[in-house]
Amino acid sequence: MSFQEKVFAVVKKTPRGQVLTYQQVAAKLGNVKLARAVGNALNKNRDSRMPCHRVIRSDRRVGGFNRGPARKIKLLKSEGVKIKNVKVL
DNA sequence: CATTTGACGCCAA
DNA sequence: TTTGGCGCCAAAT
């Protein structure tokens, strides 16, 4: 199982309305420092069935996304996650 | 095989 | 509070 597949699995588990941090995902994979690689994996895989918008930064900012925060924020809000500007609650 | 890239995280100025 | 710099890792070049 490749690194990205693991990331994929973890993110897929994320319940609707809940968000994970890259750090948290990385921790599940065994090492917190993998946070970067996690984001990288999502970026490269970009699977449509992968709720990558539920993955945020540890400082609670939305973090990276495709085409500005709007897209991700919108999706998150649709799932019941409230956002204050770029901050996730 | 050596470097660069990137959706991160933390700390010091 | 906002920058900038450094460390860390996987995948792409």
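Protein chains get the first letters and strands the later ones, always in sequence-line order, with residue 1 at the start of each. Keep in mind that what you see is a predicted model, and the values were worked out from it rather than measured.
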Distances under 3.5 Å between nitrogen or oxygen atoms of protein and nucleotides 3-7 of chain C:
{"from": "C/dG7", "atom 1": "O6", "to": "A/R36", "atom 2": "NH1", "distance (Å)": "2.6"}
{"from": "C/dG7", "atom 1": "O6", "to": "A/R36", "atom 2": "NH2", "distance (Å)": "2.3"}
{"from": "C/dG7", "atom 1": "N1", "to": "A/R36", "atom 2": "NH1", "distance (Å)": "2.8"}

*Measure the shortest side-chain to side-chain distance between A/E79 and A/R54 over non-hydrogen atoms and say whether it is less than 4.5 angstrom.*
yes
*asked:* Nearest whole Å is fine: how far is B/dA7 P from A/R71 CZ?
replied: 17 Å
*Grab the two heavy atoms, one from A/A35 and one from A/A26, that are nearest each other, plus how far apart they are.*
N-CB, 3.3 Å
_Nearest non-hydrogen partners of A/R61 and A/I56, listed with the distance_ = O-CB, 3.4 Å
*asked:* How long is the straight-line distance from CG of A/L75 back to NE2 of A/H53, given to the nearest 0.5 Å?
replied: 4.5 Å
*A/M50 has an atom CE; how far is it from atom C1' of B/dA7, in whole Å?*
10 Å
*Members other than A/M50 in its cluster, when Ile, Leu, Val, Met, Phe, Trp, Tyr link by side-chain heavy atoms under 4.5 Å?*
A/F3, A/V7, A/F8, A/V10, A/V11, A/L20, A/Y22, A/V25, A/L29, A/L34, A/V38, A/L42, A/V55
_Please list, in numerical order, the residues of residues 81-89 of chain A that have a heavy atom closer than 4.0 Å to any atom of DNA chain B._
none
*Rounding to a whole Å, what distance do you find between A/L34:CG and C/dC8:P?*
12 Å
*Hey, does A/A35 reach any base, or is it just sugar-phosphate, or nothing, if we go heavy atoms under 4.0 Å?*
sugar-phosphate
*For the residue pair A/K12 and A/R49, establish whether any side-chain heavy-atom pair is separated by less than 4.5 Å.*
no
_Can a donor-acceptor pair be found, under 3.5 Å and without considering hydrogens, that links the side chain of A/N31 to the backbone of A/K33?_
yes
*Of the residues in residues 5-22 of chain A, which ones touch DNA chain B at a heavy-atom distance under 4.0 Å?*
A/Y22
_Rounded to whole Å, how long is the line connecting atom CG of A/N45 with atom P of C/dA12?_
8 Å
*Assign each of A/F3 and A/R61 to its nearest nucleotide of DNA chain C by heavy atoms, then name whichever residue's nucleotide is nearer the 5' end.*
A/R61
Check: protein-nucleotides 10-13 of chain B nitrogen or oxygen pairs below 3.5 Å:
{"from": "B/dC10", "atom 1": "OP1", "to": "A/Q23", "atom 2": "NE2", "distance (Å)": "3.2"}
{"from": "B/dC10", "atom 1": "OP2", "to": "A/S58", "atom 2": "OG", "distance (Å)": "3.4"}

*Atom pair CD/CG of A/E5 and A/N45 - distance to nearest 0.5 Å*: 8.5 Å
*Find the distance A/I56:CD1 to B/dG9:C1' and express it as a whole number of Å.*
13 Å
_Considering all heavy atoms, the nearest A/Q18-A/V81 contact_ = N-CG2, 4.4 Å
*Report the distance from atom CD of A/Q24 to atom C1' of B/dA7, rounded to the nearest whole Å.*
17 Å
*How would you label the contact of A/R46 with the nucleic acid (heavy atoms, under 4.0 Å): base, sugar-phosphate, or nothing?*
base
*A/V19 and A/V86: same hydrophobic cluster, using ILVMFWY side-chain contacts below 4.5 Å?*
no
*Give the minimum heavy-atom separation between A/K72 and A/V62, together with the two atoms involved.*
NZ-O, 3.3 Å
*Base-pair map of DNA chain C as dot-bracket, where | denotes pairing with a different strand and pairs are Watson-Crick or G-U under 3.5 Å*: .||||||.|||||
*Rounded to whole angstrom units, what separation is found between the NZ atom of A/K44 and the P atom of B/dG6?*
8 Å
*Side chain of A/N40 only, please: which of B/dT5, C/dC9, B/dA7 is the nearest?*
B/dT5
*What distance separates A/T21 OG1 from A/R60 CZ, expressed to the nearest 0.5 Å?*
9.5 Å
_Check this one for me: any side-chain N or O of A/Q4 less than 4.0 Å away from OP1 or OP2 of C/dA10?_
no
_Nucleotide of C/dA10, C/dA11, B/dA7 approaching A/S2 most closely (side-chain heavy atoms)_ = C/dA11
*Count the heavy atoms of every other residue, nucleotide or ligand shown that sit under 6.0 Å from NZ of A/K77, and state whether that count exceeds 12.*
no
*asked:* Would you compute the distance between atom NZ of A/K44 and atom CD of A/Q4 and round it to the nearest 0.5 angstrom?
replied: 9.0 Å
*Non-hydrogen side-chain atoms of A/I83 and A/L76 separated by less than 4.5 Å*: yes
*Specify the separation, in whole Å, of atom CG of A/N31 and atom C1' of C/dC8.*
8 Å
